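Following: one structure in structure tokens, then a few remarks.
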Amino acid sequence: MDTQTAQKPTRNIALELVRVTEAAAMAAGRFFGRGEKLDADGAAVKAMRLLMNEIDMDGRVVIGEGEKDQAPMLYNGEHVGNGEPPYLDIAVDPIEGTELVAKGMPNAIATVAAAPSGTMFDPGPMFYMSKIAVGPEARDVIDIEAPVEDNLNKIAHAKGMEVDELTVVILDRPRHERLISDVRACGARIRLIPAGDVAGALMAAWPGTGIDVLMGIGGTPEAVLAACGLRAMRGAIQGILWPRNAEDHQQALEAGIDLTRVLTLEDLVTSADTFFVATGISDGPLLDGVSYSGGFAHTHSLVARGLTCTVREIFSHHHLGTLTAISSIAY
């Protein structure tokens, strides 16, 4: 080993943040299938914020519940942690897929990402982005400006597959009618999802999900979250900001935003020292959801660090009686 370039192990904050997403997932899990998405989101936000403020860090929420959700907690600009170093940008989504939780549907997750202060992309007024995300085999061949057929052919070749063996995950939205038609014309399979494009992007990079690529228009904040996880998974994501209407277009111009710029993973989070955690709320290809048996809640999480490209799977068993006795969170 070259002792001049070797680094001492440094603190992995993701291993502390997993308590945050576990708490949010368990709080949300009690509302699964009950049709109460606002109550579920409120419970997850409260649990996430409570646990996050116990961590030794000075974090600023860059990607939060935000104006879009009119959130009273974990809003953009809020400081979290106990104020001690390190100084971090924080991205949160206490429930990715509130409708999924409310309707008892699969693939809802609780997720948090962190990176050194000033390194996360600030989407400003642009809530949406056209994206493509893949795993490590195809990270050097994608081009979001190229036709769908070109991308699918290159991804298939990089993975040693035929195009008709690929599965593309796409948000089920009317705006994707042309994209869906183009993908099917190439012969690839499609998994349509009603929500959850952080999970969708990570599925494309995580083995065993059956997903090879994410395509389509989704949330810009979600792209930043996904980029932090893809750093550790050695995947790639590209995006171009997408104005929904003339008002979005005008706001972008007034903010000096280049709507033609291709944003890469390195633009979405400029530091390699990213931390990403996700805990399943409901079962999906990426994570198992919260389940209950014998007085325990069971959770399944991914815990990722970009600096070392290490991704851990953590299966936890939480004794509900003990938690109820010592915590203010309704698990």
Side-chain angles (χ1 to χ4, degrees), residues 12-33 40-41 43-45 47-48 51-52 91-114 135 169 191 193-211 214 222 225-226 228-233 235 274-306 309-323 327 329-331:
N12 186 350
I13 292 171
L15 290 170
E16 299 169 56
L17 289 172
V18 69
R19 293 177 60 222
V20 172
T21 54
E22 286 174 345
M26 287 191 289
R30 288 300 186 186
F31 293 89
F32 184 70
D41 193 52
V45 169
M48 179 170 280
L51 269 293
M52 195 177 295
V92 303
D93 200 344
I95 300 179
E96 187 193 36
T98 52
E99 287 280 355
L100 303 180
V101 172
K103 294 180 179 179
M105 298 174 69
N107 215 36
I109 63 173
T111 183
V112 173
V169 65
R191 178 183 285 241
I193 55 173
D197 58 337
V198 174
L202 296 175
M203 284 181 215
W206 189 241
T209 65
I211 301 299
L214 166 87
E222 287 80 357
L225 270 159
C228 291
L230 289 169
R231 277 275 196 183
M233 294 179 180
T274 59
F275 306 93
F276 175 88
V277 184
T279 299
I281 301 172
S282 56
D283 289 344
L286 186 67
L287 288 164
D288 299 332
V290 181
S291 61
Y292 305 90
S293 66
F296 287 83
H298 312 281
T299 58
H300 179 200
S301 304
L302 291 180
V303 181
R305 186 174 190 183
C309 291
T310 300
V311 185
R312 294 173 170 88
E313 285 189 85
I314 296 182
F315 295 88
S316 301
H317 309 281
H318 313 265
H319 187 252
L320 294 172
T322 301
L323 286 177
S327 176
I329 299 170
Y331 291 116

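As a basis for the values below, the full set of heavy atoms in this structure was taken, side chains included, without hydrogen atoms, waters or symmetry mates. For clarity, every value in this text was computed on a predicted model and none was experimentally measured.
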**OP:** Check whether any side-chain heavy atom of Met233 sits under 4.5 Å from a side-chain heavy atom of Leu302, and report yes or no.
**Re:** yes

Original post:
With a 4.5 Å limit on heavy-atom distance, are the side chains of Leu15 and Arg312 in contact?
Top reply: yes

Subject >> Note, Leu17 side chain near Phe276 side chain (heavy atom, < 4.5 Å) >> reply: no

Table please: side-chain donor-acceptor pairs of residues 20-32 below 3.5 Å, with sequence neighbours left out.
from	atom 1	to	atom 2	distance (Å)
Thr21	OG1	Val18	O	3.2
Thr21	OG1	Thr279	OG1	2.8
Glu22	OE2	Ser316	OG	2.8
Arg30	NE	Tyr331	O	2.8

Subject >> Heavy-atom side-chain proximity of Asp197 to Glu96 below 4.5 angstrom >> reply: yes

**OP:** Mind listing the closest non-hydrogen atom pair of Leu230 and Ala201 along with its distance?
**Re:** CD2-O, 3.9 Å

**OP:** Determine, using ring centers only, whether Phe296 and His317 are less than 6.0 Å apart.
**Re:** no

Original post:
Once you round to the nearest 0.5 Å, how far does CD1 of Ile95 lie from CG of Asp41?
Top reply: 5.0 Å

**OP:** State, with a plain yes or no, whether a side-chain heavy atom of Val169 is found less than 4.5 Å away from one of Ile193.
**Re:** yes

**OP:** Over all heavy atoms of both residues, which pair between Ser293 and His298 is shortest? Give the atoms and the distance, please.
**Re:** OG-NE2, 2.7 Å

Original post:
Quick one: are Leu214 and Leu202 in side-chain contact, heavy atoms under 4.5 Å?
Top reply: no

**OP:** Take Leu225 and Asp93 through the side chain to side chain contact (heavy atoms under 4.5 Å, CB included) test and state the conclusion after the steps.
**Re:** CA-CA 9 Å; Leu225 270 159; Asp93 200 344; 4.0 Å; yes

Subject >> Straight-line distance of Leu100 CG to Thr98 OG1, nearest 0.5 Å >> reply: 7.5 Å

Subject >> Donor-acceptor contact present, side-chain Thr274 to main-chain Cys228, <3.5 Å >> reply: yes

Side-chain donor-acceptor pairs under 3.5 Å in residues 280-291, sequence neighbours left out?
from	atom 1	to	atom 2	distance (Å)
Ser282	OG	Met105	O	2.8
Ser282	OG	Asn107	N	3.1
Ser282	OG	Ala108	N	2.9
Asp283	OD1	Gly289	N	2.6

**OP:** Return the minimal non-hydrogen interatomic distance between His318 and Leu323, and the atom names on each side.
**Re:** CB-CD1, 3.7 Å

**OP:** Please report the closest heavy-atom contact between Pro94 and Ala110, naming both atoms and the distance.
**Re:** O-CB, 3.2 Å

**OP:** Compare every heavy atom of Phe275 with every heavy atom of Ile13, then report the nearest pair and how far apart it is.
**Re:** N-CE2, 3.4 Å

**OP:** To the nearest 0.5 Å, tell me how far Ser301 OG sits from Glu313 CD.
**Re:** 9.5 Å

